[in-house]
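One structure is given here, and the rest of the page talks about it.
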Amino acid sequence: MQFKKPEFSREARLKRASTIWDLRDMAKRRTPQAPFDYTDGAAEGEITLRRAREAFLDIEFRPGILRNVSSIDLSTNILGKPSRLPVGIAPTGFTRMMHSEGEYAGSQAAEAAGIPYTLSTMGTASIEDVAAAAPNGRNWFQLYLWTDRDRSLELIERAAKAGNDTLMVTVDTAVAGARLRDVRNGMTIPPALTIKTVLDASYRPAWWFNFLTHEPLTFASLSRYTGTVADLINSMFDPTLTFEDLDWLRETWKGKLVVKGIQTVEDARKVVDHGADGVVLSNHGGRQLDRAPIPFHLLPGVKEAFTKDNSDAAIMLDTGIMSGADIIAALALGADFTLIGRAYLYGLMAGGRAGVDRTLQILEKDMARTMALLGVSKISELTPDHVRLLNK
């Protein structure tokens, strides 16, 4: 028996995380309640988020045996370009509130992993700075259409000039969802210093020092703003958005166009008819309409509809992914690609760039193991026969 010398470095701590849930536990210990709850929470009773995660649990894998799985290839193609893994980083707002490295950590980790990174309109690093931080990465830009179309056009032009090859327009935020954890925490942008927030942060000195010694939190793609998250959304985003606006985007944007926030088969087909190159089946991580459709449940219907239409539009999926096995299940049921939001932010809060790297390492190991145990060696070998939905 050997005595193992204790290690207290960040690298050793992150290495002890074997699952995304482990990273979540680390993130919760190291991050004040308001920013942690902003990431971790959802709308109203958080029913949608809970159901989305349960959907991935309520399946049965159907493995094949006696296959050669000595080498596992997780690479795929998405929107005309290769990705080393079948997962990318989803757009998230206020990311430097979780950790000062924020969007830079996400984009650089994605660059190193050979996967796409999506910058949010409500990101806290500019389009140009993210492109400079990850010059060899595949950067996408997520757009919220403003009531002021000139401001939207300015962002579109900046994204194109910075080398973003894909524009992802989010269409499920006509108004803000009721994110009750944020209301109870008094969540504002920038964060307000109250007795509660100071006391809470005092138990997490590393986060507090990190926050106070870096550039103040702002929306680098927008003007400066002070107020609640819900007020920002309700004052900025356009509740009159229609399919005609999607036509305008298609004419304006010359790269790949993806529509995020698809929650019915009919809408998936319709946005493709209006020029979308891909869809993201998403309910905004359960942060908008509670009791919304679950993307994983919607997936087989959309895949069937696209097959009948002879459509080659990409089907992507987010919400609820907490393991590589979740990703493999989605791919087997017809997804071309997946996106992670919370899973990446848990890693960011747990350890900055190194924590995001650890998130991707965990997911990659999960995916490779799951595929080997299913008896498949590459993504194209996955079929719906590998997954059975329970209680359906």
Side-chain angles (χ1 to χ4, degrees), residues 76-83 86 88-91 116-122 127 138-174 221 236-284 288 293 295 298-319 330 334-339:
T76 189
N77 280 276
I78 185 65
L79 298 171
K81 292 186 178 181
S83 178
I89 292 183
Y117 172 82
T118 315
L119 175 66
S120 171
T121 296
M122 299 177 74
I127 298 169
R138 187 178 183 189
N139 293 321
W140 297 353
F141 183 67
Q142 176 269 335
L143 178 73
Y144 288 110
L145 267 176
W146 299 8
T147 51
D148 183 346
R149 288 293 184 269
D150 289 338
R151 299 292 296 278
S152 296
L153 182 59
E154 178 188 348
L155 286 177
I156 292 169
E157 291 173 344
R158 287 172 58 192
K161 186 176 181 180
N164 290 257
D165 65 69
T166 296
L167 184 70
M168 182 182 294
V169 59
T170 296
V171 295
D172 58 2
T173 51
S221 294
M236 181 184 301
F237 304 136
D238 189 355
T240 69
L241 192 64
T242 69
F243 283 95
E244 291 182 359
D245 297 289
L246 188 59
D247 294 334
W248 174 78
L249 272 177
R250 180 65 285 175
E251 292 176 4
T252 304
W253 176 258
K254 305 309 178 185
K256 297 294 185 180
L257 178 63
V258 172
V259 178
K260 179 177 181 289
I262 299 297
Q263 298 175 68
T264 69
V265 173
E266 294 76 16
D267 281 346
R269 300 174 86 166
K270 194 167 183 180
V271 297
V272 171
D273 289 342
H274 283 260
D277 298 297
V279 298
V280 182
L281 310 184
S282 172
N283 54 39
H284 215 99
Q288 285 296 102
L298 181 64
L299 175 58
V302 173
K303 179 64 175 180
E304 181 182 8
F306 281 17
T307 300
K308 286 182 178 178
D309 294 343
N310 293 316
S311 172
D312 61 357
I315 301 174
M316 292 179 267
L317 177 146
D318 71 11
T319 306
D336 297 299
F337 204 68
T338 60
L339 297 169

For this session: For residues D172 and Q288, report the shortest heavy-atom separation together with the two atoms involved.
Result: O-NE2, 3.0 Å
Problem set entry | Value rounded to 0.5 Å, distance of NZ in K81 from CG in L79 | 10.0 Å
Problem set entry | Those residues that, when tested against N77, pass side-chain hydrogen bond (donor to acceptor under 3.5 Å, both in side chains) (two or more places apart) | none
Problem set entry | Side chain to side chain, I315 and L281, heavy atoms closer than 4.5 Å | yes
Problem set entry | Heavy-atom donor-acceptor pair, T338 side chain to G88 backbone, under 3.5 Å | no
For this session: With sequence neighbours left out, write down each residue that passes side-chain hydrogen bond (donor to acceptor under 3.5 Å, both in side chains) with T170, or none if nothing qualifies.
Result: Q142
Exercise. So, for L317 and A330, which heavy atoms are closest and what is the spacing to 0.1 Å?
Worked result: CD2-CB, 4.3 Å
For this session: Could you list all the salt bridge (Lys or Arg N to Asp or Glu O under 4.0 Å) pairs where at least one residue sits in residues 250-261, not counting sequence neighbours?
Result: R250-D277, K260-D318
Problem set entry | N/O donor-acceptor pair under 3.5 Å between N283 side chain and P293 backbone | yes
Exercise. Can you list the residues that meet the side-chain contact (heavy atoms from CB on, under 4.5 Å) rule with D245, with sequence neighbours excluded?
Worked result: L145, R149, L241, T242
For this session: Please tell me if the side chains of I89 and L339 come closer than 4.5 Å, counting only heavy atoms from C-beta onward.
Result: no
Problem set entry | Residue pairs passing the ring pair (Phe, Tyr, Trp, His ring centres under 6.0 Å) test where at least one lies in residues 255-283, sequence neighbours excluded | F243-H274
Exercise. What distance do M316 atom CE and D336 atom CG have between them, rounded to the nearest 0.5 Å?
Worked result: 8.0 Å
For this session: Assess whether side chain to side chain contact (heavy atoms under 4.5 Å, CB included) is satisfied between L155 and F141, documenting all intermediate values.
Result: CA-CA 9 Å; L155 286 177; F141 183 67; 4.1 Å; yes
For this session: Go through the steps to decide whether V259 and V280 satisfy the test side chain to side chain contact (heavy atoms under 4.5 Å, CB included), and finish with yes or no.
Result: CA-CA 6 Å; V259 178; V280 182; over 6 Å; no
Exercise. Any donor-acceptor pair under 3.5 Å linking the side chain of N164 with the backbone of A159?
Worked result: yes
For this session: Could you list the residues that satisfy side-chain hydrogen bond (donor to acceptor under 3.5 Å, both in side chains) with T240, not counting sequence neighbours?
Result: D238
Problem set entry | Test item: L298 and V265 side chains (from C-beta on) under 4.5 Å apart, heavy atoms | yes
For this session: Enumerate the residue pairs fulfilling salt bridge (Lys or Arg N to Asp or Glu O under 4.0 Å) with a member in residues 264-275, sequence neighbours excluded, ordered by first and then second residue.
Result: R269-D309
Problem set entry | For S83, side-chain contact (heavy atoms from CB on, under 4.5 Å) partners two or more places apart | T76, I78, I115, P116, F337
Exercise. Got a sec, which residues hit salt bridge (charged side-chain N to carboxylate O under 4.0 Å, His left out) with K161, two or more places apart in sequence or on another chain?
Worked result: none
For this session: Using the test side-chain contact (heavy atoms from CB on, under 4.5 Å), find all partners of I156 that sit at least two apart in sequence or belong to another chain.
Result: L143, L167, W248, L249, T252, W253
For this session: Please report the shortest heavy-atom distance between P295 and S282, naming the atom on each side.
Result: CG-CA, 3.8 Å
Seminar exercise, completed: To the nearest 0.5 Å, atom CD of E154 lies from atom CD1 of I127 at 8.5 Å
Exercise. So do Y144 and V169 actually touch side chain to side chain, heavy atoms under 4.5 Å?
Worked result: no
Exercise. With sequence neighbours excluded, what pairs up with A313 under the side-chain contact (heavy atoms from CB on, under 4.5 Å) test?
Worked result: V272, F306, S311
